[in-house]
Amino acid sequence: MKLYNYFRSSASFRVRIALELKGLAYEYLPVHLVKGEHKQPHYAAVSPSLLVPTLVTDSGEALGQSMAIIEYLDEVHPQPPLLPTDALGRARVRALAQLIACEIHPLNNLRVLKYLVKELKVEEEAKNGWYRHWVRTGLEAFERELAQLPPGTYCWGDTPTLADCCLVPQIFNGQRFNVDFSGLPRTMAAFDACMRHPAFQKAQPSSCPDNEG
Ligand SMILES: N[C@@H](CCC(=O)N[C@@H](CS)C(=O)NCC(=O)O)C(=O)O
């Protein structure tokens, strides 16, 4: 398999975690987002949506959207599972994952932040305020959701799931923008547990070949 991705991209990071959790080898193909490599013809041929990550399967199929990629990996390589065996558990885990992937991340994507600055002429500090506001608001909701669920080591239960694949990159991203993570005990306990797991360590930006520090 090949993974087109960028060390700092949180959607890419989600897929790297899933690959590491499942012990799957892959070729790392860097796409430098800040240099706009995702908009160049060679990458557009792979990803018409001009987004990372893209997973290219062993049979040469290019797949976009991190959540779809992770669910594909989970179906094709079921061990260890990233979704619970019961329908209700799967719905809970997907809801947590989507709270991050659909409610938080799209508001803070590179192209959204660029649009705020370049087109709407928002000052750097106001842009950072936008970022911090939406991440903090989303994580507070995430914490309230976790508080309703049975206690566990990770977001759901005692093994990492799709929800953890989404949470960890969002926290990493938030750290870069100095988001306040206080008062989020369940969320940060799950994050800390993940960071003690070797798969999350191997997938993190500082472990990536294109890491710029
Ligand atoms: N929902 C997509 C999001 C993909 C996405 O937005 N990727 C970002 C990096 S995290 C990207 O390629 N951004 C390019 C841009 O904003 O121009 C997924 O989960 O894969």
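Ligands are counted one by one from 1 in listed order, and the atoms in each one are counted from 1 as well. Remember, predicted model here, so these are calculated numbers, not experimental data. Just so it is clear, the values below take in all heavy atoms, side chains as well, and ignore hydrogens, waters and symmetry mates.
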Per the salt bridge (charged side-chain N to carboxylate O under 4.0 Å, His left out) rule, which among E124, E123, E125 passes with K127?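 Exactly one pass, corresponding to E124.
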
Touching ligand 1 at all, [X]? Heavy atoms, strictly under 4.0 Å?
X    : answer
K114 : no
P106 : no
S10  : yes
R14  : yes

Just one of L110, N109, N108 clears the side chain to side chain contact (heavy atoms under 4.5 Å, CB included) bar with V112, so which one?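 Result for side chain to side chain contact (heavy atoms under 4.5 Å, CB included) with V112: N109.
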
So among I17, V15, L19, which one has a side chain to side chain contact (heavy atoms under 4.5 Å, CB included) with C165?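 Among the candidates, only I17 passes.
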
Looking only at protein heavy atoms, identify the closest one to [atom] and say how far it is in Å.
atom                    : answer
atom 11 (C) of ligand 1 : L51 CD2, 3.7 Å
atom 17 (O) of ligand 1 : H38 NE2, 3.0 Å
atom 19 (O) of ligand 1 : S66 OG, 2.6 Å
atom 10 (S) of ligand 1 : S9 OG, 3.2 Å
atom 3 (C) of ligand 1  : H105 CE1, 3.9 Å

Closer than 4.0 Å to some heavy atom of L110 - which atoms of ligand 1 meet that?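 That gives atoms 16 (O) of ligand 1.
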
Could you list the atoms of ligand 1 found under 4.0 angstrom from a heavy atom of P53?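 Counting from 1, the qualifying ligand atoms are 20 (O).
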
Between E119 and K114, is there a salt bridge with N-O shorter than 4.0 Å?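 Judged by the 4.0 Å cut-off on N to carboxylate O distance, K114 and E119 do not form a salt bridge.
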
Closer than 4.0 angstrom, basic N to acidic O: yes or no for K22 and D74?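 A salt bridge is present here (some side-chain N lies under 4.0 Å from a carboxylate O).
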
Closest approach of [X] and [Y], non-hydrogen atoms and distance?
X    : Y    : answer
P106 : I100 : CD-O, 4.3 Å
W156 : G89  : CZ2-CA, 3.8 Å
R136 : D180 : NH1-O, 2.6 Å

For atom 2 (C) of ligand 1, which candidate among K39, Q65, R111 provides the closest heavy atom?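 Considering heavy atoms of K39, Q65, R111, the nearest to atom 2 (C) of ligand 1 sits in Q65.
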
Derivation and outcome, side chain to side chain donor-acceptor pair (under 3.5 Å), residues S12 and Y4: CA-CA 8 Å; S12 302; Y4 288 92; over 6 Å; no

Heavy atoms only, cut-off 4.0 Å: how does N109 contact ligand 1, side chain, backbone, both, or neither?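 Side chain only; the backbone of N109 stays clear of ligand 1.
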
Structural part of V112 in contact with ligand 1, heavy atom criterion under 4.0 angstrom: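 Looking at V112 and ligand 1, no heavy atom falls under 4.0 Å.
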
So for ligand 1, is V52 a polar contact partner (N or O within less than 3.5 Å, distance only)?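 Between V52 and ligand 1 (N or O atoms, distance only) the closest approach is under 3.5 Å.
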
For atom CZ of R94, is the number of surrounding heavy atoms from other residues, nucleotides or ligands below 6.0 Å larger than 12?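 Count over threshold, so yes.
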
